[in-house]
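The structure appears below as structure tokens.
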Amino acid sequence: MAEVRNLATTIFSFLPEAEGRYMVLTGLGIVITVALMAIFAPLIAPYDPIKSSGDVLQPPSAKHLMGTDNLGRDVFSRILFGSRVVLAVVFSASIISMIIGVPLGLISGYFGGKLDRVLSILMDSMYAFPGLILAIAIAAVLGPSVFNAVVAISVVYVPTYFRMIRGQTLSLKSLLFVEAARAIGATDWRIMRKYIFPNLIPTLVVVFSLSVADAILTEAGLSFLGFIVSAPTPDWGFELASGRPYLPAGYWWMITFPGLMVMLLSLGFALVGEGLSEIYAPRRER
Amino acid sequence: MLLEVENLTTLFRTKRGIIRAVDNVSLSLEKGDFISIVGESGCGKSTLAYSIIRLIDSPGEIAGGKIYFDGKELTSLSEEKMRKVRGKEIGMVFQDPMTSLDPLEKIGDQITETLMEHIDVTKKEAWQIAREMLEKVGLPPDRVESYPHQLSGGQRQRVVIAMAVSLNPKLLIADEPTTALDVIVQEKIMDLLNEMRKEGRAIMLITHDFALAAERSDRIAVMYAGWIIEMGDADRLTKEPMHPYTRGLIESVPDVWVDREIKPLPGFPPDLAKPPEGCRFRPRCPLATEKCMKEPPGVDVDGRYVKCWLFEVK
Amino acid sequence: MLKVEGLKKYYPVQKSSIEVLLTKRRDFVRAVDGVTFDVQKGEVLSLVGESGCGKTTTGRILVGLETPTDGRIYFKDKEVTSMEKDELRRLRRHIQMVFQDPYASLNPRMKIGEHLEDSLAVHGIAEGEEAKEMAMAMLDRVGLPGEQFYNRMPYQLSGGQRQRVAIARAMILKPEFVVADEPVSMIDVSLRAAILDLLMSFREEYDLSMIFITHDLSVARLVGDRIAVMYLGKIVEIGETRKVIHNPRHPYTAALLSSVPSFMKRRKRVEIIGDIANPIDIPPGCRYHPRCPFARDVCRKDEPELEGDRHLFACHFPLELTF
């Protein structure tokens with residue numbers, strides 16, 4: 001917890017002067033807004049997302065902010081509830097990838113040797129595979145469900161964490177303060193926990209934001225292909241799929257609003273990640 | 001006088017406040033003089049050197065004073081004219097030779113380029129001069145064909161000196177030229193600087209090593225927190241230091257040939273964004289009195305400059 | 001206290017893949033090439049030499065940061081080189097190191113106080129409140145009032161203050177042996193004396209034995225009871241400080257001494273030729289001969305042994321001079 005608090009103070013003390021501060025603040029603004037939408041969806045949503053609330057295929061109006069879909073459901077309400085699925089899937093998947101990728105990267109980078117070589121080859125070959133295709137393949141094998149989608153997406157992002165953490169560990173390992181800890185007689189486990197891991201946190205925060213940004217797109221892709229939810233549950237990617245046939249007929253709102261939301265949320269996380277990496281890039285320790 | 005610095009003030013505007021890295025400093029240098037500017041890191045000695053060649057980048061600026069060099073006033077010179085002074089009239093040797101060398105270019109090409117930029121010679125002539133220069137600094141002339149990474153640290157510093165003197169400057173400023181090198185190499189580089197001096201050039205050595213300055217220079221200026229606090233003949237200054245800081249510093253460094261205890265100097269150098277009131281050495285000074293709450297005057301005692309209330313002219 | 005016999009450390013030279021395919025020979029950097037010495041209880045041995053002479057590697061081997069290629073180390077008559085990993089780790093408590101660079105030797109994300117507590121926790125000496133009290137007391141002892149410094153982060157400290165922390169976290173373990181690797185060379189001149197004083201005060205308090213690695217002979221003279229001079233991985237001269245300084249027998253020691261800047265101005269100059277050789281291609285015979293102005297034929301063929309009674313030197317034609 002102390003590490004998190006340190007990080008928070010570091011971020012806030014840097015924000016007023018660092019270059020990336022506006023990126024981080026804008027990104028955070030987007031992310032927090034969407035998170036609030038998801039949490040308070042039942043309170044904000046004007047209609048029930050899975051029941052018809054008026055005429056079908058109505059364009060945006062004061063009554064239906066984003067119009068209605070082919071079954072007369074309120075698009076705005078469906079987007080609000082859809083954000084819950086998106087955030088739940090993406091967050092749990094990213095946390096799982098982190099929980100798997102970080103220790104593996106740490107151990108691999110710290111100890112090196114055969115284990116490192118095997119893990120690196122495995123992770124690199126996974127990384128070389130296009131993320132969405134890998135996720136589709138896994139989801140196809142496991143079958144469509146929210147849980148399976150989480151598994152598929154987390155597998156895709158394990159190599160991202162692994163590679164970053166392994167690289168950072170390698171460079172941290174050779175630093176003098178790690179040697180100094182060895183000279184005191186600290187065990188490997190202790191060195192990893194107290195000397196290396198806390199110094200990985202800045203990188204981790206950046207990688208997390210960027211991989212979430214990417215995972216949002218992957219999630220939308222899977223959902224679009226029907227690997228996550230089935231009707232009538234709302235999910236942004238799924239909305240795109242159901243709105244698609246109506247686009248040629250001029251019913252643009254069914255597809256535009258969910259699409260914009262996917263883009264916006266992904267952009268939000270990307271801004272946070274890029275901004276933070278800009279802040280950390282020139283290591284500002286005096 | 002070859003160089004006369006008058007009341008030079010260089011400051012840096014930082015978020016923490018204005019830092020007066022060089023504060024109202026005056027000194028002069030004649031042809032063939034060897035002066036050392038001695039002080040700890042952050043005392044302003046390097047800033048002084050960079051101010052003289054006007055390589056002070058934002059947020060720093062020369063805020064006051066004049067620099068007369070060989071009949072020109074440098075602070076008011078246009079950047080274009082200043083560029084001609086740099087290199088051609090004032091040579092510069094830095095601590096890390098790699099900052100002045102391009103790792104991807106042959107030594108010979110680098111010297112030739114500098115030459116051709118400043119004087120009217122053909123490529124062939126310049127290449128010949130480069131060979132002569134290397135020979136002069138004690139390197140085999142065929143080193144013109146080498147790349148910097150093929151040389152040792154000492155050899156690289158020799159190359160930098162060769163580059164600096166190839167245009168025959170009247171003043172050579174060396175900023176901690178041997179700090180990264182071993183004593184044996186340092187010895188040889190210092191001998192080389194001394195040879196350059198014998199040819200009539202003035203040398204300004206910036207160093208933190210008091211013994212080195214004492215051994216090698218005619219005059220020493222001791223800087224502390226942006227001020228020159230004592231300046232005079234090197235021999236006399238080290239044998240009979242007057243300013244309490246000079247004395248304290250000399251007593252705190254061990255010497256191979258002298259069998260004595262060392263006396264640590266109390267405290268640490270001030271934060272220049274918030275310098276102490278009055279004399280900047282006051283908080284560390286064993287002899288400080290009420291009077292030291294005011295800035296001490298710089299006085300001349302038998303040809304020695306001292307900035308301390310102890311030597312106030314009655 | 002500590003005895004080192006024939007210590008060697010060779011590093012294989014990195015080669016390009018083409019070279020590996022074409023040649024069978026493996027080249028080694030002979031960083032430490034047969035070093036033998038001992039350190040008595042309460043004694044300080046200064047290890048001096050130019051950069052790349054192997055003095056730092058020797059120190060790192062002693063504290064276990066490198067494993068020697070060959071040779072034996074005895075600590076209080078027990079052979080360290082054959083110890084199990086766990087036993088070795090317990091030994092660390094008694095052999096501590098102070099590093100050269102105080103800016104890099106502290107964990108940037110750990111409080112000053114935690115650094116000291118970690119030393120204690122690693123060896124199960126104290127934890128919690130007790131550890132905190134000990135840390136506070138040690139911070140006071142090294143001149144960094146615990147109340148003020150315990151909660152600070154390394155970046156809030158100056159170089160001198162950081163080096164005090166580094167010393168404190170080694171000394172809190174009450175070691176019997178300390179390797180100090182150039183502990184003042186990166187510290188501001190006016191603060192060096194205070195750091196040296198601090199180290200020496202611990203030496204008295206704990207009756208420490210110490211290896212003081214330095215390139216600066218004036219510091220070596222100040223702190224060392226004895227001085228060992230290293231050249232290209234070997235000790236070329238070792239003896240009582242006063243003897244080595246005033247009557248150097250090895251031409252390299254003499255050259256080194258004569259190039260140290262001094263307030264006294266130079267008395268004698270002893271020449272040294274050219275640059276230091278490459279530790280991959282160590283010259284045959286006496287490894288110093290290509291740089292020695294006194295070298296004769298025999299020096300090019302036979303390597304001299306380190307010989308003598310209490311003042312040992314490795315030279316066929318030792319000097320007779322007084323500085």
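Here is the naming used below: chain letters follow the sequence lines, and residue numbers restart at 1 for every chain.
With a 4.5 angstrom heavy-atom cutoff, C:Arg60 touches chain A only via side-chain atoms. Looking at C:Leu65, both its backbone and its side chain come within 4.5 Å of chain A, counting heavy atoms on both sides. Contacts between A:Arg182 and chain C at a heavy-atom distance below 4.5 Å involve backbone atoms as well as side-chain atoms. There is no contact between C:Leu91 and chain A, counting heavy-atom distances below 4.5 Å.
Sparse packing is recorded around CZ of A:Phe129, with 12 or fewer heavy atoms of other residues, nucleotides or ligands lying under 6.0 Å away. Remark: C:Arg141 CZ is packed, more than 12 non-hydrogen atoms of other residues, nucleotides or ligands lying under 6.0 Å away. Residue-environment remark: NZ (A:Lys173) exceeds the threshold of 12 foreign heavy atoms within 6.0 Å. Atom CD of C:Glu79 is surrounded by more than 12 heavy atoms from other residues, nucleotides or ligands within 6.0 Å.
The candidate with the highest count of non-hydrogen atom pairs below 4.5 Å against chain C, out of A:Thr187, A:Leu175, A:Ile196, is A:Thr187. When each of C:Asp101, C:Val179, C:Asp118 is scored by its heavy-atom pairs under 4.5 Å with chain A, the top score falls to C:Asp118.
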Problem set entry | Criterion side-chain contact (heavy atoms from CB on, under 4.5 Å) on C:Gln100 and A:Leu176, from CA distance to verdict | CA-CA 10 Å; C:Gln100 175 178 10; A:Leu176 189 61; over 6 Å; no

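Taking the side chain as every heavy atom from C-beta outward, A:Ile184 and C:Arg92 never approach each other to under 4.5 Å.
The shortest non-hydrogen separation linking A:Ala180 to C:Ser105 is CB-O, 3.7 Å. The nearest pair of heavy atoms linking C:His123 to A:Gly185 is NE2-CA, 4.2 Å. In this structure, A:Pro202 and C:Arg109 approach most closely via the heavy-atom pair CG-NH2, 3.5 Å. The shortest non-hydrogen separation linking C:Phe99 to A:Ala183 is CZ-CB, 4.0 Å. Taking every heavy atom of both residues into account, C:Pro108 and A:Phe177 meet most closely at CD-CE2, 3.6 Å. Here the closest non-hydrogen pair linking C:Met110 and A:Tyr195 is CE-OH, 3.4 Å.
With hydrogens and angles disregarded, a donor-acceptor distance shorter than 3.5 Å links the side chain of C:Asn107 to the backbone of A:Lys194.
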